[in-house]
Amino acid sequence: MSLTPAPSMETMKEGITFSDVLLVPKRSTIASRKSVDTSGSFSRNIKLKCPIVSANMDTVTEADMAIAMAQAGGLGIIHRFLTIEEEAAQVAKVKRTESVLIEEPYTISPRDTVGAARDFMRSKQVGGLLVVGEGRKLLGVVSERDLQFHDDDSAPVKAVMSSKLVTARPGITLEAAAKVLARHKIEKLPIIDASGTLKGLITAKDIKKKRLHPEASEDPKGRLLVGAAVGVVGDFMERSAALLSAGADVLVVDVAHGHSDHVIEAVARIKKRWPAAELVAGNVATYEGARDLTEAGADGIKVGVGPGSICSTRIVSGAGVPQLTAILDCAKLTAKSGVPVISDGGVRDPGDITKAMAAGASSVMIGSLLAGTEESPGLMIVRGGIKYKLYRGMASLTATLSRRITESGGHHRVDDEEAMEVVAEGVESMVPFRGRAFEVVHQLAGGLRSGMSYSGARTVAELWRKAEFIRITPAAWAESLPRLERKS
Ligand code: XMP
């Protein structure tokens, strides 16, 4: 057996993370933090006014979280531990939440029954349906109000629909549509062409939502942006196809060790099949990893091996790179190729977001700080009168086992032996309930604005240029933490 030399101490790098540094305050010309522009990117073509992204985890992001994130100017990535149909339905739900024009409004035939209309409205959670005949010619509208006192469920929709319609032509602006809705005191404005064919629908509800969320992340059609995660084995190509046709704006190839041949091959396959689709890949923690995924076709690189609050990867496997060093390394690629780096995991305090961005990240992915919000799919738990939500690592024991049960369609029974064989690289815990995600994101974004203004930076690009980190000692970190009284 030949002896190979152990890694040399002389060439060994030192890795640092968020609490090892602070940003040195710089002379600033910024009079108000409101004038700081926090815009960042998640991928080459996905720009976010608020560069905060909710993690693709089953206790963090499904449609409700993704909607709240996009309304706040950020982005949510739907997790992949659902059937293909379920994940695609989550994406479709986000895409239908807000739009300038609903291109495919829910419709019903005049020959359908009142009972069918009632069921359809209930299942889609809408207050009205457009009634269309042959060739999608608009004939009327049927609303909850029309059905309210109508007991005969077998009557045709034609008998109850209202056919006095206020309509508009394609191309009407949102402002003009708002005026028509107000003038006629109506909630829905069907859009028809010269021949009376239905082309879409504008609703008062959508206009109100748009006014409420001026910073929202939207696609060119005014629909909220949403991303969706895929794996690299099994049905990942079918899943990608279903997610893209449901309207996903970006796919995220999400694997714990992203710098591996099968991930690189999967990224290349997806990009070859859908060259125009935005594709983010990860996770990596080195420049080489970021470079190889970019060369395979990724439009954004997710960076983070083991920094997450529920991660035990570093403890179990001994592998990982402290997060600030990982970002600094990977972000060299952004400078070269323009591919954004997303810092994923490890944000404990709002200031960590500023540090991640200052180190070169273009956006920051967050799990634990969002897992405690109303919109997360995690279970609510009350202990001693205090509300918590369940938050678990996707490689934790329970997440791994429940995934196997879901994949079997609920038939699989886990026994002790199987549970013992799982080598978990994550843990589960409870996080304090924090209220609405929109408000949490608002607070986090406020911290970023403030941090950028301390560095004298009006934009993220300026932050990258101007930021100066200072290494600090554990005592200096202790000094940084709020404390009610200083002992000695
Ligand atoms: P935070 O710190 O925001 O981190 O809670 C969220 C990120 O953690 C990663 N993640 C895991 N990492 N084992 C790991 O080593 C796991 O079980 C696990 N689950 C999630 C992931 O990158 C997420 O965005």
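Computed from a predicted model, the values in this text were never measured in an experiment. All values below were derived from every heavy atom in this structure, side-chain atoms included, with hydrogens, water molecules and symmetry-related copies excluded.
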Legend entry - Polar contact flag, side-chain donor to acceptor under 3.5 angstrom, T294-S337: no
Legend entry - Sidechain-backbone polar pair: S317 side chain, A319 backbone, donor-acceptor under 3.5 Å: yes
Legend entry - Heavy-atom neighbours of R211 CZ exceed 12 at 6.0 Å: no
Legend entry - K466 side chain vs A461 backbone, donor-acceptor pair below 3.5 Å: no
Legend entry - Gap between atom OG1 of T38 and atom CZ of R33 - 0.5 Å precision: 14.0 Å
Legend entry - Residue I315 excluded, over 12 heavy atoms near CD1 under 6.0 Å: no
Legend entry - Side-chain donor/acceptor of K271 to backbone N/O of A298, under 3.5 Å: no
Inset, instruction - Starting at CZ of R383, measure out to CD1 of I386 and round the result to the nearest 0.5 Å. - result: 11.5 Å
Legend entry - Electrostatic pair E374:K387 at N-O distance under 4.0 angstrom: no
Legend entry - side chain to side chain contact (heavy atoms under 4.5 Å, CB included) between L22 and S480, worked out: CA-CA 9 Å; L22 286 170; S480 310; 4.0 Å; yes
Inset, instruction - Verify the neighbour count for atom CZ of R404: are there more than 12 heavy atoms of other residues, nucleotides or ligands below 6.0 Å? - result: yes
Legend entry - Flag for E425-S312: side-chain donor and acceptor within less than 3.5 Å: no
Legend entry - From F18 atom CZ to I353 atom CD1, the distance as rounded to the nearest 0.5 Å: 9.0 Å
Legend entry - V339 backbone acceptor or donor facing T334 side chain under 3.5 Å: yes
Inset, instruction - Please lay out, stage by stage, how Q443 and L369 fare under the test side chain to side chain contact (heavy atoms under 4.5 Å, CB included). - result: CA-CA 11 Å; Q443 286 296 319; L369 295 186; over 6 Å; no
Legend entry - E439 bridged to R436 by N-O distance under 4.0 Å: yes
Inset, instruction - Evaluate whether atom CZ of R269 has more than 12 neighbouring non-hydrogen atoms of other residues, nucleotides or ligands under 6.0 angstrom away. - result: no
Legend entry - Test item: side-chain donor near acceptor, T29 and R458, under 3.5 Å: yes
Inset, instruction - Decide if atom NZ of K336 counts as having more than 12 heavy atoms of other residues, nucleotides or ligands within a radius under 6.0 Å. - result: no
Inset, instruction - Return the orientation label for the F81 and H79 ring planes: parallel under 30°, perpendicular over 60°, tilted otherwise. - result: parallel
Legend entry - Contact check, side chains of I310 and Y391, non-hydrogen atoms, under 4.5 Å: yes
Inset, instruction - Find the distance between CD (E462) and CG (D37) and round it off to the nearest 0.5 Å. - result: 10.5 Å
Legend entry - Ion pair check, R80 and D58, cut-off under 4.0 Å: no
Legend entry - SB check E468 K26 (cutoff 4.0 Å): yes
Inset, instruction - Give a yes or no on whether a salt bridge exists between R96 and D206, defined as a side-chain N under 4.0 angstrom from a carboxylate O. - result: no
Legend entry - Spacing of CE belonging to M57 relative to OG belonging to S368, to within rounding of 0.5 Å: 8.5 Å
Inset, instruction - Using distance alone, with no hydrogens and no angle criterion, decide if E215 and Q71 have a side-chain donor and acceptor under 3.5 Å apart. - result: no
Legend entry - T398 side, atom OG1; R392 side, atom CZ - distance, nearest 0.5 Å: 4.5 Å
Inset, instruction - Assess whether atom CG of D416 is packed by more than 12 heavy atoms of other residues, nucleotides or ligands within 6.0 Å. - result: no
Legend entry - Side chains of D64 and K93 in contact at under 4.5 Å (non-hydrogen atoms): yes
Legend entry - Under 3.5 Å: donor-acceptor pair, side chain of K34, backbone of A31: no
Legend entry - Charged N-O contact under 4.0 Å between D219 and R223: yes
Legend entry - Atom CG of L481 with >12 non-hydrogen neighbours under 6.0 angstrom: yes
Inset, instruction - Determine, stepwise, if the pair D20 / R471 fulfils salt bridge (charged side-chain N to carboxylate O under 4.0 Å, His left out). - result: CA-CA 6 Å; D20 289 318; R471 280 286 296 273; 5.3 Å; no
Legend entry - Short side-chain to backbone donor-acceptor contact, E87 and A229, under 3.5 Å: yes
Inset, instruction - Ignoring hydrogens and angles, tell me if any N or O in the side chain of K49 forms a donor-acceptor pair with the backbone of S217 under 3.5 Å. - result: no
Inset, instruction - Mark yes when over 12 heavy atoms from residues, nucleotides or ligands other than Y454 sit less than 6.0 Å from its OH; otherwise mark no. - result: no
Inset, instruction - Scan side-chain atoms only and decide if R465 and T459 contain a donor-acceptor pair under the 3.5 Å cut-off. - result: no
Inset, instruction - Report the C-alpha separation of E278 and D249 in whole Å, then their side-chain angles, then the decisive distance to 0.1 Å, and conclude whether the side chain to side chain contact (heavy atoms under 4.5 Å, CB included) test is met. - result: CA-CA 7 Å; E278 288 290 290; D249 298 283; over 6 Å; no
Legend entry - Smallest separation among heavy atoms of S453 and S450, with atom names: OG-O, 2.9 Å
Inset, instruction - Begin with the C-alpha distance, continue with both residues' side-chain angles, and end with the deciding distance and a verdict on side chain to side chain contact (heavy atoms under 4.5 Å, CB included) for S41 and I46. - result: CA-CA 6 Å; S41 316; I46 301 271; over 6 Å; no
Inset, instruction - Over all heavy atoms of both residues, which pair between A290 and L333 is shortest? Give the atoms and the distance, please. - result: O-CD2, 3.6 Å
